[in-house]
Amino acid sequence: MGAIDRKKLESITRYDPSEVEGRVFAEWMEGGYFHPEATGTAEENFSVAIPPPNVTGVLHMGHALNGSIQDALVRMNRMKGRNALWILGTDHAGIATQSVVEKGLKAEGGSRQELGRERFVKQVWEWKEEYGSQIVEQYKRLGASCDYERERFTLDDGYVKAVYKVFKRLYDKGYIYRDYYMVNWDPGSRSAISDLEVENREVEDTLFSIDYPVEDCDRILTVATVRPETMLGDTAVAVNPNDERYAALVGKNAILPLVGRRLPIIADEHVDIEFGTGALKITPGHDPNDFEIGRKHGLEEIVVIGPDGRLTEDAGEFAGMSAAEAQAAVVAALRAEGRLRAEEPYTHSVPFSHRSGERIEPLISLQWFCRMDELAKPAIEVVERDEVRIAPEQWKRVYLNWMREIRPWCVSRQLWWGHQIPVWYCDACEETIVAEQLPERCGACGGELRQDEDVLDTWFSSALWPFATLGWPDETPELRAFYPTSFLTTAREILFLWVARMVMTGLEFAGDVPFRDVYVHSVIQARDGRRMSKSLGTGIDPLGEIDIHGADALRFGLLAMSSTQDVRFSDAKVEQGRDLTNKLWNASRLILLNAAAVEPAPRPLHVEDRWILSRLERTIASVSEKLESYDFAHAVQEAYSFFWRDLCDWYLEIVKPRLYDGEAEVSATLLYALERLLALLHPTMPFVTEEIWSFHPARRGHLVVHPFPQADQSLFDEAAEADVEGGIDLTQRLRAWRSLADVPAGAMLVAVIDGVAPPEFVGRLSRFEFDGVGAEPVASIGPVRVLASEQLDAAAVAQRLDKRREELRAEVERGERKLGNEGFVAKAPAAVVEEERGKLERYRAELAELG
RNA sequence: GGGCGCGUAGCUCAGUGGGAGAGCGCUCGCUUCACACGCGAGAGGUCGUUGGUUCGAAACCAACCGUGCCCACCA
């Protein structure tokens with residue numbers, strides 16, 4: 001065994017990940033295995049861009065699953081000898097990061113306004129330098145084989161260059177424009193947010209019915225609203241054009257209570273005749289629908305609630321109140337005027353900010369938008385043509401449906417932390433300059449320039465991730481070697497927010513799709529089926545799991561529980577992984593401590609050797625195929641069951657005597673199987689396999705770059721499989737018989753064989769001697785005739801026989817019923833019918849034998 | 001309102017047309033010289049309900065019940 005630390009192998013009977021993982025990871029880093037050369041083409045190489053975690057983030061279970069999947073594929077492809085790059089980096093996460101630092105300021109009694117923009121941004125950078133690498137370190141705990149030497153940040157210099165270039169090009173093409181438009185205003189972050197950052201929640205509100213008198217007429221229009229304070233901004237009342245009740249009123253004016261404004265009564269299809277009274281107050285300044293209707297009819301847009309959530313000067317006597325205060329005051333005033341007809345509880349869905357959790361205030365404001373329709377066209381085509389493959393299949397449809405109805409994207413945010421919009425204004429001559437770099441002076445008049453105050457939506461920069469991280473817009477070797485990336489995986493929640501946008505920008509700017517394959521993985525829920533979330537307190541900390549069970553255990557567990565549907569977090573699966581690491585360690589100890597000093601090679605002497613080699617190679621074929629097709633759960637469970645059942649429960653038990661004898665052939669075969677198994681498992685359980693490999697006599701270098709096994713079909717052996725599976729089946733039947741006949745566990749029973757002799761191991765593993773003589777046969781199990789002996793309790797044996805007879809009679813009856821069915825015999829495939837006939841015959845024979 | 005899922009052993013989940021599976025838990029027996037994070041043997045499901053298709057349905061179809069998610073501008 002040479003330099004190998006035999007003592008360590010002998011003494012450690014329990015695998016301890018906490019002792020191994022840090023050390024092994026350091027060896028990988030030292031070896032530079034995660035930092036591939038930027039050579040070759042993207043077709044030859046393998047690359048994955050990590051979904052960049054927020055700099056403010058800590059590793060959560062979603063990252064852990066997402067990372068386990070990517071690492072499995074990256075490691076497998078690295079072992080296949082390809083340049084494998086896993087691009088790592090973090091996202092500046094505008095709102096989240098700004099909030100963290102602002103909170104810190106507030107705790108010290110300060111504010112960002114006090115500090116001023118420049119100093120505040122500097123402070124955020126300082127925060128980032130100090131705490132921003134936390135999550136990167138946590139990915140290392142998971143064992144993620146990212147290229148830590150090529151780490152990127154969505155605000156680093158090169159990235160800014162890419163973002164500005166993209167902005168300018170989109171502007172020049174006319175896709176990016178500035179407009180007063182209704183946006184989702186998040187009072188929490190005091191910024192506009194996009195449609196995708198809004199979530200609708202069911203809320204109990206009060207529905208107020210308010211009477212609006214009609215001018216020059218004694219009729220009254222009753223309108224309903226959950227936000228009476230917005231009536232101050234009403235500029236029309238709408239009815240359905242087909243609503244006969246109001247046909248005569250269209251064209252007249254209603255009078256807005258409290259304010260006295262004349263509101264034209266207009267007809268619009270949008271109004272639902274069935275709802276309420278069928279009359280709808282129109283507030284273009286504060287409701288998205290009303291905004292649309294307003295624009296359509298050319299109505300005035302009056303803003304009565306400002307960006308600070310308080311009523312504006314246009315709200316007259318209510319100016320300065322918060323929206324809630326204004327609501328109470330408006331309701332009171334209406335009641336006093338006798339205009340309030342009804343109040344009733346009303347449940348409806350209301351938009352909330354996904355970022356701050358506050359209720360969205362729809363607001364008209366001046367924002368930058370990006371037209372998406374032209375960008376979407378090619379991004380739809382590549383998915384339709386499967387040039388970007390989305391799996392599982394159903395998400396392809398979801399992607400396409402969304403893309404086909406894509407709407408303009410509000411890309412400006414009223415924050416300080418982020419990519420400040422590359423637009424400069426000249427106050428002197430009102431010139432607007434859009435540029436990739438800060439222009440010195442106004443080109444038109446030479447005046448001072450002032451940059452747009454807003455920053456870009458964080459997702460605007462994330463959308464460039466796969467190529468901006470590789471150096472675009474420069475033509476770098478990395479870009480040539482690794483773009484398009486091979487694979488992307490994510491939870492479905494960012495399919496639109498991120499994935500779709502990368503496809504659009506990749507095609508538009510990098511000239512090709514950003515990745516070939518997208519795998520949408522499941523969501524791991526809390527143990528009770530709720531979402532894992534910080535605010536609910538339902539999160540399970542992956543680092544805690546790693547501390548307790550090890551990274552390999554967590555990785556195995558996550559892959560095993562993941563599937564196409566959402567699943568609850570299962571401690572049992574992680575423990576199964578933990579048990580597997582320990583069993584791998586111990587089975588390896590058995591092999592490594594007892595094998596003779598020989599070269600690993602398949603050297604079958606007996607049927608069981610041919611069997612295990614066949615099973616090994618089939619497992620390699622099957623597990624590889626499952627990993628390639630993103631069926632991670634079945635891949636790891638199949639590897640588990642091969643190792644545990646076939647290799648440990650059966651093969652090792654069968655060959656122990658030969659191994660202890662120091663037989664060369666079985667030693668070579670076991671070392672060979674172990675080497676291939678470790679390599680096969682390495683992508684999913686990297687630490688324990690690397691550690692065990694360090695004790696393997698054939699080791700020349702780290703397992704992380706060991707060739708990934710390719711199934712050797714010449715070792716497939718159906719005959720050996722049938723023989724040994726038959727032997728296993730017989731062994732289990734013999735053991736079961738013993739157990740049910742109350743034979744003491746250690747007792748040796750005698751029997752004779754009537755018919756074809758089973759493999760040698762059957763007797764040994766079931767504690768039977770098959771060369772018994774003289775005594776009476778008392779039972780028969782397959783070809784085995786159990787002979788009477790003092791170890792056997794006659795009554796228990798008789799009882800066991802009765803039970804078996806009963807079983808057989810049931811089986812015979814079932815077979816007869818099935819074969820007696822004319823339809824079955826006539827229409828079922830011949831092979832199926834034949835099989836049934838065979839079974840029936842065997843059961844009848846055994847029953848006859850028992851009498 | 002539209003779309004997509006899911007309902008299988010006590011628990012968490014596989015299984016997509018030919019006799020119900022895994023892990024955990026449970027029962028019984030094992031200090032068998034790799035591993036008690038182990039070994040051996042068991043118990044435990046009329047596969048949500050009702051109809052239909054089929055020689056044959058957990059699987060395919062329909063309806064219903066329950067449950068989860070996504071999208072959507074009814075005040």
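Letters go in sequence order (proteins before strands), and every chain restarts at 1.
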For S194(A), enumerate each residue passing the side chain to side chain donor-acceptor pair (under 3.5 Å) test, keeping only those at least two apart in sequence or located in another chain.
E197(A)
Remember a base hit wins even if backbone is also touched, and classify R227(A) as base, sugar-phosphate or nothing at under 4.0 Å, heavy atoms.
nothing
Using a 4.0 Å heavy-atom cut-off, does E811(A) contact any base of the nucleic acid, only the sugar-phosphate backbone, or nothing at all?
base
Touch check for H270(A), heavy atoms < 4.0 angstrom, all strands: base, sugar-phosphate only, or nothing?
base
Nucleotide nearest Y843(A) when distance is taken to its side chain, options C39(B), C55(B), G19(B)
G19(B)
I want to check one thing: is the phosphate of C73(B), taken as OP1 and OP2, less than 4.0 Å away from some side-chain N or O of R407(A)?
yes
Separation of atom CD in E393(A) from atom C1' in G5(B), rounded to whole Å
15 Å
I want to check one thing: is the phosphate of C37(B), taken as OP1 and OP2, less than 4.0 Å away from some side-chain N or O of K583(A)?
no
Report the nucleotide, chosen from G40(B), C69(B), C73(B), that has the shortest atom-to-atom distance to any side-chain atom of N289(A).
C73(B)
Check every atom of A72(B), C73(B), A34(B) against the side chain of S349(A) and return the nucleotide holding the closest atom.
A72(B)
When rounded to the nearest 0.5 Å, the distance separating CE of M231(A) from NZ of K281(A) is 7.0 Å
Side chain of Y640(A), heavy atoms from C-beta onward: which of G38(B), C69(B), G23(B) has the nearest atom to it?
G23(B)
Describe the nucleic acid contact of F291(A) in one word from base, sugar-phosphate, nothing, applying a heavy-atom distance below 4.0 Å.
nothing
Calculate the interatomic distance between M532(A) atom CE and G68(B) atom P; express it in whole Å.
18 Å
Short N-O contact, R359(A) and D205(A), less than 4.0 angstrom
yes
Integer-rounded Å distance: C33(B) P and R589(A) CZ
13 Å
Just to be sure I understand the rule, does V398(A) reach a base, reach only the sugar-phosphate, or reach nothing, if contact means heavy atoms closer than 4.0 Å?
nothing
Is there a side-chain contact between W644(A) and the phosphate of C39(B), meaning an N or O under 4.0 Å from OP1 or OP2?
yes
What pairs of residues pass the salt bridge (Lys or Arg N to Asp or Glu O under 4.0 Å) test when at least one of them lies in residues 629-642 of chain A, not counting sequence neighbours?
K626(A)-E638(A)
NZ/NE/NH1/NH2 to OD/OE distance under 4.0 Å, R492(A) and D566(A)
yes
E292(A) and K296(A) ion-paired at < 4.0 Å
no
Can you measure E653(A) atom CD to G38(B) atom P for me and round it to whole angstrom units?
14 Å
Shortest side-chain distance from R397(A), nucleotide among C4(B), A41(B), C35(B)
C4(B)
Let me have a per-nucleotide readout for nucleotides 12-18 of chain B, 5' to 3', with B, S or -, counting only protein heavy atoms under 4.0 Å.
SSSS--B
Using ring centroids (six-membered ring only for Trp), state whether H354(A) and F352(A) fall under 6.0 Å.
no
